[in-house]
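Taking it in order: structure first as structure tokens, then the write-up.
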Amino acid sequence: MKMWIWLISIFFGLIVVFLVIVYLLQEKLIFFPEKVPENYQYSFSQPFKEVYLTSPDKARLHALYFIQDNPKGAILYFHGNAGSLRSWGYVAEDLMRYGYNVLIMDYQGFGKSTGKLSQKALFEDAELMYKYLLNYFPEQKLVVFGRSLGTGIAVKVAADNKPGLLLLETPFYNFADVAKAHYSFLPISLLLRYPFRSDKYLPQVSCPVYIFHGTADEIVPYASGLKLANLLNQPGGLITVEGGGHNNLEGFAVYQQALKRILE
């Protein structure tokens with residue numbers, strides 16, 4: 001009997017240790033940043049400048065600002081949870097065809113940005129980038145665009161301000177909803193330090209909102225995006241991409257046609 005008690009105690013002790021490790025190191029499961037040397041020279045076909053801002057917690061934030069003649073506004077783009085501006089910059093380049101300047105940042109610890117990640121820092125840094133664009137355009141000329149994890153940031157920015165438009169590509173209802181789909185055996189609600197409550201903030205958004213989601217999304221289930229779309233109480237709607245995955249929506253005509261219609 002004592003042996004069984006001892007084994008059970010060890011078993012539950014190991015579970016507790018595992019959960020503590022997951023709680024403390026969850027950034028390793030969520031974020032996959034690429035660091036870029038400070039002297040790295042970006043090369044894109046469209047004109048751009050490098051922007052450096054100091055965050056409220058004194059981190060050095062790096063962004064690329066793509067500029068064109070006579071823009072009709074600016075797009076503030078929040079990218080996904082992996083990589084850096086070295087690759088995400090090409091997405092910004094593509095968006096310029098619709099007549100907008102594009103500002104895209106690297107989160108703390110990504111690319112040339114310094115600092116330590118937290119949800120609070122992500123929200124504060126995003127707000128700083130939004131205010132940067134207000135130096136050049138009135139709010140109604142700003143489009144907030146989030147992709148994947150970046151949608152959780154974009155929704156918060158749009159809820160706290162009054163941009164002209166909010167675009168969400170492969171968004172989630174909230175981050176716990178996604179995490180449960182991949183780690184159903186864990187007590188996600190107790191462990192998660194990045195809840196990204198898009199379900200809480202979306203009803204506070206006052207501008208038109210358009211959601212793009214593929215039915216074959218292998219990372220963020222289509223059902224999660226659909227739940228979020230059901231919360232919309234403003235003009236816009238859900239653009240469903242039949243057969244679309246998490247990283248290939250731009251390859252579908254329905255996506256390109258809808259984006260052109262919305263932005264042009």
Side-chain angles (χ1 to χ4, degrees), residues 44 46-56 61-80 85 88-107 113 121-171 196 198 200-212 228-229 231-239 250 255 258-264:
F44 299 102
Q46 300 290 345
F48 71 94
K49 67 177 181 179
E50 296 189 63
V51 174
Y52 289 94
L53 300 177
T54 301
S55 73
L61 303 176
H62 178 250
L64 297 179
Y65 187 34
F66 291 82
I67 306 167
Q68 58 188 306
D69 295 331
N70 302 314
K72 55 188 177 185
I75 296 173
L76 177 57
Y77 189 92
F78 297 106
H79 66 65
L85 293 179
W88 284 106
Y90 293 102
V91 177
E93 267 196 324
D94 290 341
L95 290 172
M96 292 185 72
R97 73 181 74 172
Y98 303 108
Y100 291 84
N101 288 352
V102 181
L103 178 65
I104 176 170
M105 67 176 288
D106 259 336
Y107 311 129
S113 293
L122 286 166
F123 287 163
E124 290 178 345
D125 299 348
E127 184 69 18
L128 192 64
M129 292 291 165
Y130 188 87
K131 285 183 168 58
Y132 175 83
L133 285 178
L134 289 178
N135 292 317
Y136 302 97
F137 299 96
E139 277 198 288
Q140 284 302 306
K141 297 289 186 179
L142 299 185
V143 176
V144 179
F145 195 152
R147 177 170 172 181
S148 190
L149 181 134
T151 63
I153 303 169
V155 171
K156 183 65 163 61
V157 170
D160 290 343
N161 299 280
K162 296 186 181 300
L165 185 64
L166 173 62
L167 303 179
L168 304 173
E169 183 174 337
T170 63
F196 290 116
S198 295
K200 174 182 176 182
Y201 299 121
L202 188 63
Q204 302 172 24
V205 175
S206 58
C207 66
V209 181
Y210 290 90
I211 293 175
F212 302 86
L228 187 67
L231 298 179
L232 290 174
N233 57 9
Q234 58 281 96
L238 172 67
I239 293 93
E250 68 278 2
Y255 172 86
L259 194 60
K260 181 178 180 180
R261 171 175 54 84
I262 294 164
L263 292 178
E264 288 189 347

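FYI, the numbering just counts along the sequence from 1. Computation of the quantities below employed the complete heavy-atom set of this structure, encompassing side-chain atoms and omitting hydrogens, waters and symmetry-equivalent molecules.
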List the steps, then state whether side-chain hydrogen bond (donor to acceptor under 3.5 Å, both in side chains) holds for Asp160 with Gln204.
-> CA-CA 8 Å; Asp160 290 343; Gln204 302 172 24; over 6 Å; no
Test side-chain hydrogen bond (donor to acceptor under 3.5 Å, both in side chains) applied to [X] - qualifying residues, sequence neighbours left out:
X      : answer
Asn233 : none
Glu124 : Lys120
Tyr210 : none

Enter the distance from [X]:[atom1] to [Y]:[atom2] here, rounded to the nearest 0.5 Å.
X      : Y      : atom1 : atom2 : answer
Leu134 : Lys141 : CG    : NZ    : 14.0 Å
Leu103 : Leu142 : CG    : CG    : 10.0 Å
Arg97  : Glu264 : CZ    : CD    : 9.0 Å
Ile211 : Leu168 : CD1   : CG    : 5.5 Å
Leu53  : Asp125 : CG    : CG    : 9.0 Å
Leu133 : Ile75  : CG    : CD1   : 10.5 Å

Sequence neighbours excluded, the answer for salt bridge (charged side-chain N to carboxylate O under 4.0 Å, His left out) partners of Glu50 is Lys112
Applying salt bridge (charged side-chain N to carboxylate O under 4.0 Å, His left out) to Glu93 and not counting sequence neighbours gives none
Are the side chains of [X] and [Y] in touch, meaning some heavy atoms are under 4.5 Å apart?
X      : Y      : answer
Val155 : Phe196 : no
Ile239 : Tyr255 : no
Val157 : Phe78  : yes
Phe212 : Thr170 : no
Leu202 : Leu166 : yes

| With a cut-off of 6.0 Å (strictly less than), are more than 12 heavy atoms of other residues, nucleotides or ligands near NZ of Lys162? | no
Take atom CG in Asp69; do more than 12 heavy atoms of anything else shown fall under 6.0 Å from it? no
Over all heavy atoms of both residues, which pair between [X] and [Y] is shortest? Give the atoms and the distance, please.
X      : Y      : result
Phe123 : Ile153 : CE2-CA, 4.1 Å
Phe137 : Pro71  : CZ-CG, 3.7 Å
Ser113 : Tyr107 : CB-O, 3.3 Å
Tyr77  : Arg147 : OH-CD, 3.2 Å
Thr151 : Gly146 : CG2-O, 3.2 Å
Gly89  : Phe66  : O-CZ, 3.6 Å

Would you find a donor on one side and an acceptor on the other, under 3.5 Å apart, between the side chain of [X] and the backbone of [Y]?
X      : Y      : answer
Gln46  : Ile67  : no
Glu169 : Ser148 : no
Asp106 : His62  : no
Lys72  : Tyr98  : yes
Asn135 : Tyr132 : yes

- Task: Tell me, with the steps shown, if Tyr130 and Glu139 meet side-chain hydrogen bond (donor to acceptor under 3.5 Å, both in side chains).
- Result: CA-CA 9 Å; Tyr130 188 87; Glu139 277 198 288; 2.6 Å; yes
Under the side-chain contact (heavy atoms from CB on, under 4.5 Å) criterion, do Leu76 and Val143 qualify, and how do the steps go?
CA-CA 6 Å; Leu76 177 57; Val143 176; over 6 Å; no
Residues passing the ring pair (Phe, Tyr, Trp, His ring centres under 6.0 Å) test with Tyr90, sequence neighbours excluded, are Phe44
Please report the C-alpha distance between Met129 and Leu61 in whole Å, then the side-chain angles of each, then the deciding distance to 0.1 Å, and finally whether the side-chain contact (heavy atoms from CB on, under 4.5 Å) criterion is met. CA-CA 9 Å; Met129 292 291 165; Leu61 303 176; 3.9 Å; yes
Checklist line | Quiz item: cation-pi between Lys49 and Tyr65, 6.0 Å / 45° | finding: no
Notebook entry, point to check: Stepwise, does the side-chain contact (heavy atoms from CB on, under 4.5 Å) test hold for Leu165 with Phe145?
Noted result: CA-CA 8 Å; Leu165 185 64; Phe145 195 152; over 6 Å; no
For this session: Give the intermediate values and the outcome of side-chain contact (heavy atoms from CB on, under 4.5 Å) for residues Leu95 and Leu259.
Result: CA-CA 9 Å; Leu95 290 172; Leu259 194 60; 4.2 Å; yes
